[in-house]
Number of protein chains: 2
Amino acid sequence: MNRVLDLAILGLLMDRDHHGYEIRAQLRDRLGLWSNVSFGSIYPALARLEREGFVEAVAAEVKLASLSTGSLSGERATLRALRPAPALGRKGRKVYRITDRGREQFALLISDPATLDDSKSFSLRMALARYLTPSLRVGLLEQRRANLAQRLFEMRQQAKTDDLDGYARSVMEHGAKAVELEISWVDDLLASERNNQQPLAREAN
Amino acid sequence: MNRVLDLAILGLLMDRDHHGYEIRAQLRDRLGLWSNVSFGSIYPALARLEREGFVEAVAAEVKLASLSTGSLSGERATLRALRPAPALGRKGRKVYRITDRGREQFALLISDPATLDDSKSFSLRMALARYLTPSLRVGLLEQRRANLAQRLFEMRQQAKTDDLDGYARSVMEHGAKAVELEISWVDDLLASERNNQQPLAREAN
DNA sequence: GCACGATATATCGATCTGATATAATGAATC
DNA sequence: GATTCATTATATCAGATCGATATATCGTGC
């Protein structure tokens, strides 16, 4: 049921085809999901998305022995490609492509305002914001801002409660500052959204 | 294998006895672990800690009908307390106390410098920092600072890579700013650690 | 030739999440 | 004093995630 990883993977596949290993790197380098997502999440998620018809495997890219093919290596490559069961071969990357149903699902997931609670999923949406219409973007930003303002208030309250020692209080105060920083980020995004003199999105495909 | 929740629970029990429901609230309000930890984590974790001998259940606090006890309510309470199997009763809070072995385990977990990678576990340690010796505190802070500096460098690099659109870049830049904020927090803590004119910790216990 | 690090997929057990079930308590309303 | 309702409280389930490990190929350097 975790839509976050589904959204992230589909978002990457909107851009171009990818295989699992690459998806992990892109999650880190382009979508801001550091603390590397484990392979134990990636591969099951891809299998799930395929099962649901949102992505399809577009033939394992079996690396042929470059140009000078000795008969032996050629034969081995053929053997590997023909082998019946073991899931398109040991090795040989399995490249995935998003389907039409996958695109629909992506549009659904990215514009769903229900799951906007945590920083991680919000950042992910922003990293994919070029796929949203301007009005949806503003809507999500405003809702996130409201959430953060509420949270800031709560954290301020907590930081004031008396039975905290200095360290615990310091943690709460830092937490509040982090929320403030995110609020000012959202405000910047909203500002550049409203007077979109310098649009943040390049052409979305 | 997740030591983080174990550390958090043992940390709370160092202070005083708690039952599961209360632990969840304290995790949020005193240890800065918002985005409420689910009960599906808390109760199994307590069972695990009990199985390993780090905590013990100190009799379910069966709420007796306050002062004016009608015979009926008294009888019901007795019946509930005597019922044989179902794990100290439906309802009636199960209060846990930390054992000596639990204290040892806590000391071990909180001073382990290996698992200092993410913000969440670092914040948790800081919320419990009064249980650390000054030198261990400084050690953890310095190591965290080094981690963050490395990370800041990486994020700066990523924000500069060319094939990002404006939104993705904005995410990366905000991420870098968040790391900077945490670095300055760590620096503040280190400073007040070194000239501990106003010690952050009140009496530990 | 061959050692080694990077690329790549897959799977396992332990754990975590989000949802749901169950039930007692306390307070307000009638 | 009956009834509704939110809060307190424990427990469990399916599905998802993590961290570790296994396996194998590719590319580079020696």
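Here is the naming used below: chain letters follow the sequence lines, and residue numbers restart at 1 for every chain.
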Whole-Å distance between [N] [atom2] and [X] [atom1]?
X      : N      : atom1 : atom2 : answer
A/L5   : C/dT17 : CG    : P     : 16 Å
A/I9   : D/dT17 : CD1   : P     : 8 Å
A/Q26  : C/dA8  : CD    : P     : 12 Å
B/E50  : D/dA11 : CD    : C1'   : 15 Å
B/L33  : C/dT17 : CG    : P     : 10 Å
B/L27  : C/dT17 : CG    : C1'   : 15 Å
B/K120 : D/dT17 : NZ    : C1'   : 12 Å
B/D118 : C/dC16 : CG    : P     : 13 Å

For [X], enumerate each residue passing the salt bridge (charged side-chain N to carboxylate O under 4.0 Å, His left out) test, keeping only those at least two apart in sequence or located in another chain.
X      : answer
B/R101 : none
A/E180 : A/R156
B/R30  : A/D163, B/D15
B/D17  : B/R97

**Item:** Donor on one side chain, acceptor on other, A/Q26 and A/E22, under 3.5 Å
**Value:** no

**Asked** Do A/E154 and A/Q150 meet the criterion of a side-chain donor-acceptor pair at a distance under 3.5 Å?
**Response** yes

**Fill in**
Closest non-hydrogen contact found for A/G40 with A/P44 is O-CG, 3.1 Å

**Fill in**
Applying ring pair (Phe, Tyr, Trp, His ring centres under 6.0 Å) to B/F106 and not counting sequence neighbours gives B/Y131

**Request:** Kindly write out the residues that satisfy ring pair (Phe, Tyr, Trp, His ring centres under 6.0 Å) with B/Y43, not counting sequence neighbours, or none if the list is empty.
**Result:** B/F39

**Request:** Taking side-chain hydrogen bond (donor to acceptor under 3.5 Å, both in side chains) as the test, write out the residues that go with A/D118, two or more places apart.
**Result:** A/S121

**Message:** Suppose the criterion is ring-ring contact (aromatic ring centres under 6.0 Å, His included): which pairs have a residue in residues 174-193 of chain B, not counting sequence neighbours?
**Reply:** A/H174-B/W185, A/W185-B/H174, B/F122-B/W185

**Prompt:** If only side-chain N and O atoms of A/R93 are considered, is one of them under 4.0 Å from the OP1 or OP2 phosphate oxygen of C/dT9?
**Reply:** no

**Prompt:** Can you tell me how far the CE atom of A/M155 sits from the CE atom of A/M172, to the nearest 0.5 Å?
**Reply:** 6.0 Å

**Fill in**
When the rotation axes relating C1' atoms of four end pairs to the next four are compared across the helix from C/dG1-D/dC30 to C/dC30-D/dG1, five pairs an end, they differ to 10° by 30°

**Request:** Would you check if the side chain of A/R130 reaches a backbone N or O of B/D165 as a donor-acceptor pair within less than 3.5 Å?
**Result:** no

**Message:** Assess whether a salt bridge exists between A/R3 and A/D112, defined as any Lys/Arg side-chain N lying under 4.0 Å from an Asp/Glu carboxylate O.
**Reply:** no

Strand contacts (DNA chain D) in [range], 4.0 angstrom heavy-atom criterion:
range                       : value
residues 16-25 of chain B   : B/H19, B/G20, B/Y21
residues 104-111 of chain B : none
residues 36-45 of chain A   : A/V37, A/S38, A/G40, A/S41

